[in-house]
Peer 1: 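Structure below; questions to follow.
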Amino acid sequence: MVYVGGSLLYLALGLTVYALITQCLVKRDEGNSRGRSARKATTLSVVAVIFATLSLVWAFVTNDFRFAYVASNSQRSLPIIFKISALWAGQSGSLLLWLLIISLLTLVVQANGNYRKSGISSGITIVINLVRVLFLILLLFATSPFELLVDPPWDGTGLNPMLQSLGMVVHPPLLFLGFSGFLIPFALVVVELWRGSSSGTWVQRSRPWVLFSWLFLTAGIVTGGQWAYTELGWGGYWAWDPVENASLFPWLTSTALVHTLLLPKKTRTQVWSFFLIVITFALTIFGTFLTRSGILDSVHAFSGGILGSIFLGVLGVILLFSLFLWWSRRSLFEQGSGDEAASSITVLSKSVSIQGGNILLLLICLTVFLGTMFPLYSSIFLGREVVLDADFFNQLTVPLFLLLLLLMGMAPVLDWYSTDNERFCRRVWLPALVSLGVAVLTYRVQGSGVLASIAFAIATFGAITHFQDLLGHCYKRKLGAYLVHLGIIVMLVGITGSSIFVDDLFLQVQPGDKVQAGGYVLEYSGLKTRYGSDRYTVGTTLIIRKSNGVAGEITAEKTFWENRRQPSTRVGIFSTFKEDLYLNLVGWESQVAQLHVQRFSLVRWIWFGSLLVYLGVLVILVPSKILRLKSGR
Amino acid sequence: MSSKKLKIVLISLLPLLVLGFLAFRAFENSAAYYYTISEVAAKEMGEQKVRIKGQLVDDSVDYDASIPLLKFSLTDGTADVAVFYPGVLPDNLQHADEVIIEGKFNSNRDFIVSKLMLQCPSKYEGEE
């Protein structure tokens, strides 16, 4: 039984290589027996990967500590859900999960009759299979999850308590799905250009894939933020840590890509789309390199090793190949707008504002990129390695983000090619006036700084313009896009609120003490200790009172493990739309406890906004057969 | 280059200049320079923000949860430096393979840590 997983991976490798070779020989004609056998081989290799993964899951569930990977990431007493998610707790397991996701996408591509009819199915499969071969080789020869222990222990060493969290269950798969999805648009454009087809159908074809991947990448980043928010020492939901930034790079470029693909044909340039598809895909690989190489100091990084350099090598190959492809096929790119078409477009138009937004997105990406990589090249001209902290990123990107969101808020008041001034003023006076009022109000009431009141004003402006337009005339794609925009606006409010309205208190309390925090009164009644088989937990539950009675309770705990030198802390969070109370049990002597109470405003808006974003993308992606709404522009 | 193109170039240079200026200003108060522990221990550093990497000196941890204030020493094998962190003791300090701190000397020549990062190369690979 123990050799099943490894053997299945060998089988998958053999089948994929066979499929690759046959498909390269087949070229265009896919109907013949060779083409069919290559497809069968690919399908079988996917099945082998699925069963290899299942065999590892099975090993985790049945506590099979003969596997080194299981022994070092699990233990008997671990709840079953964390036993399953421990699959991606380590390096090799997360590569396996990634391979599984790419393999499942391969099945989706192969099943697409449309691709087959236009003769690109085998081409795309070749590109994906190349990536799968790379992963299989890494999993078999560099970092295998199926390595066996000579002397298996009775119990595993367990999963790091920080990883025993719902965040660990959902965040990595969502992020990997987002990352992997961008492989398909890349494959689409490579195949069509390679074939010398100038039809440009890859633009339409990559649209749903880009949206799909963007959805999961966004969800991956947001769930990562939610997880980091609940985990002490990770610096809140966003800390501009290199590993966090690595997931932001492809998000920024893919956001630009989504908008480029939406531009009407008249103003769209294919070179621009091509460039964004390549750069987004390259950045997903680069993110993997940053995470695995350990060249930058991060609280989330995996250990360094050979994997980093392999991914860097792959990145180089991809970039060189794309450059070559662009150069050798440059005549195939449609020239976009001719001069006479361009002359009918004015600055006051959706096309121009989208392009402006794209430039802003790329500028933000470049800024964050240069800032993140700064330690690596700063020694050249500063004589010393220099790290830039969160302040740097905030100071630089916040104005750019605000400008970007202002442009986003303008989207509904602008027409595609040109907006005449009178119409523009008619649409914009109300939101402009209200948001000006909001700016003054928030500035005076809260005294919270210019940037914050500008942010609130921009959010108000965008919310009103979008609602105004939705009330007028609504169809499916517009509804989806506007939901995404509104979600982003809600998130903007949450991010602004939580960064400026913060309370921070350290308290020493005795049983019976009542303390003021924000508008609440917290009642401390003492510590309680619970005992488990291999641990004991000290915790306290505070009653939260408002003027009109009990509002809820909040629990913070510290757990001490028998076989671990470090305790693990669980913070308590009491969350409302207005604010979050964040409680940490810092220390205690008998029943006297030291508490750290923080209050962050509007955090829930961020999570709520993200739900609107997901809903919006789903509205766009769901086929119109299922969702009956007027469609079409 | 036509005059229209020149105009576009000039207009697009402006935001870049603004951005460059902002970057320069942001850099001044957020840059932390990497120093070795020996350097920090030997040299009298200025008000500059520095970043140090090292191992925790065993038994150097002294924590008062009521303030809270954490004292500990880092070593690189040749020199030690004692530092103060006005914050909560992190769970995995004693277990960390490498401690990274960011901070400055105050007027009493005490090193005050503003950011404490713990690195465990085995972090996501379970415990030994």
Side-chain angles (χ1 to χ4, degrees), chain A residues 71-74 89-91 94 156-163 232-233 235 294 297-299 301-304 359 363 367 370-371 374-375 378-379 382 384-396 399-400 506 508 558 563-569 584 586-589 592 594 596, chain B residues 11-12 15-16 18-36 39 48-53 63-70 86-102 114-128:
Chain A
S72 59
N73 286 299
S74 180
Q91 179 144 280
S94 54
T157 46
L159 185 63
N160 188 321
M162 273 186 162
L163 303 185
L232 274 183
D297 294 326
S298 157
V299 290
F302 286 84
S303 53
I359 290 170
L363 259 184
T367 315
L370 292 178
F374 200 70
S378 58
S379 50
L382 287 170
R384 209 170 258 288
E385 223 176 289
V386 172
V387 190
L388 301 171
D389 67 14
D391 273 351
F392 176 83
F393 295 101
N394 285 332
Q395 281 187 37
L396 270 186
L400 293 175
F506 282 100
Q508 176 142 318
K558 235 182 186 47
N563 58 349
R564 285 181 182 277
R565 278 171 292 166
Q566 65 185 68
S568 58
T569 299
N584 178 19
V586 176
W588 59 85
E589 272 155 55
V592 179
Q594 286 99 27
H596 185 198
Chain B
I11 289 173
S12 52
L16 280 180
V18 172
L19 200 67
F21 172 72
L22 283 175
F24 186 72
R25 247 194 37 192
F27 174 82
E28 287 196 317
N29 46 28
S30 70
Y33 291 72
Y34 263 106
Y35 277 83
T36 63
E39 278 178 311
Q48 202 175 39
K49 187 152 76 171
V50 301
R51 194 181 255 221
I52 319 170
K53 265 191 220 182
Y63 178 53
D64 184 347
S66 62
I67 305 177
L69 180 67
L70 173 65
V88 178
L89 173 75
D91 289 335
N92 47 352
L93 179 67
Q94 258 99 351
H95 171 64
D97 290 276
E98 190 164 56
V99 180
I100 301 170
I101 53 174
E102 218 173 272
S114 54
K115 191 173 168 192
L116 176 58
M117 288 165 75
L118 303 169
Q119 277 217 323
C120 318
S122 60
K123 183 166 179 180
Y124 295 135
E125 302 280 10
E127 239 171 305
E128 295 301 293

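To find a chain, count down the sequence lines: A is the first, B the second, and so on, and within it residues start at 1.
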Peer 1: Look at A/L388, A/I359, A/D391, A/L382 and state which one has the largest set of heavy-atom pairs under 4.5 Å with chain B.
Peer 2: A/L388
Peer 1: Under a 4.5 Å heavy-atom cut-off, does chain B meet the side chain of A/N394, its backbone, both or neither?
Peer 2: neither
Peer 1: To the closest 0.5 Å, what do you measure between OG (A/S378) and OH (B/Y34)?
Peer 2: 9.5 Å
Peer 1: Using non-hydrogen atoms only, which part of B/L16 is less than 4.5 Å away from chain A: side chain, backbone, both, or neither?
Peer 2: side chain
Peer 1: If you compare all heavy atoms of B/A31 against all heavy atoms of A/V386, which two are closest, and at what distance to 0.1 Å?
Peer 2: CB-CG1, 3.6 Å
Peer 1: Tell me, side chain or backbone of A/F374 under 4.5 Å from chain B's heavy atoms, or both, or neither?
Peer 2: side chain
Peer 1: Salt bridge or not for B/K53 and A/E385, using N-O below 4.0 Å?
Peer 2: no
Peer 1: Can you tell me how far apart CG (A/D389) and CZ (B/R51) are? Round to the nearest 0.5 Å.
Peer 2: 8.5 Å
Peer 1: Which atoms of A/F506 come close to chain B, meaning under 4.5 Å heavy atom to heavy atom: side chain ones, backbone ones, both, or neither?
Peer 2: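 The answer is the side chain of A/F506.
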Peer 1: Looking at every non-hydrogen atom in both residues, tell me the closest pair between A/Q594 and B/S66 and how far apart they are.
Peer 2: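 Closest pair (atom of A/Q594, atom of B/S66, distance): CG-CA, 3.5 Å.
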Peer 1: Do B/L22 and A/Q395 make a side-chain contact, defined as non-hydrogen atoms from C-beta onward lying under 4.5 Å apart?
Peer 2: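 SC-SC contact between B/L22 and A/Q395 ruled out.
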Peer 1: Find the distance between CG (B/L19) and CG (A/L363) and round it off to the nearest 0.5 Å.
Peer 2: 6.0 Å
Peer 1: Please look at A/S74 and chain B and tell me whether the side chain, the backbone, both or neither of the residue comes under 4.5 angstrom of a heavy atom of that chain.
Peer 2: neither
Peer 1: Side chain, backbone, both or neither: which part of A/L400 has an atom under 4.5 Å from a heavy atom of chain B?
Peer 2: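 Just the side chain, heavy atoms under 4.5 Å.
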Peer 1: Heavy-atom distances under 4.5 Å only: say whether B/E102 touches chain A with side chain, backbone, both or neither.
Peer 2: side chain
Peer 1: Identify which part of B/I100 has an atom lying under 4.5 Å from any heavy atom of chain A, answering side chain, backbone, both or neither.
Peer 2: side chain
Peer 1: Show your working on side chain to side chain contact (heavy atoms under 4.5 Å, CB included) between B/D91 and A/K558 and close with a plain yes or no.
Peer 2: CA-CA 9 Å; B/D91 289 335; A/K558 235 182 186 47; 3.6 Å; yes
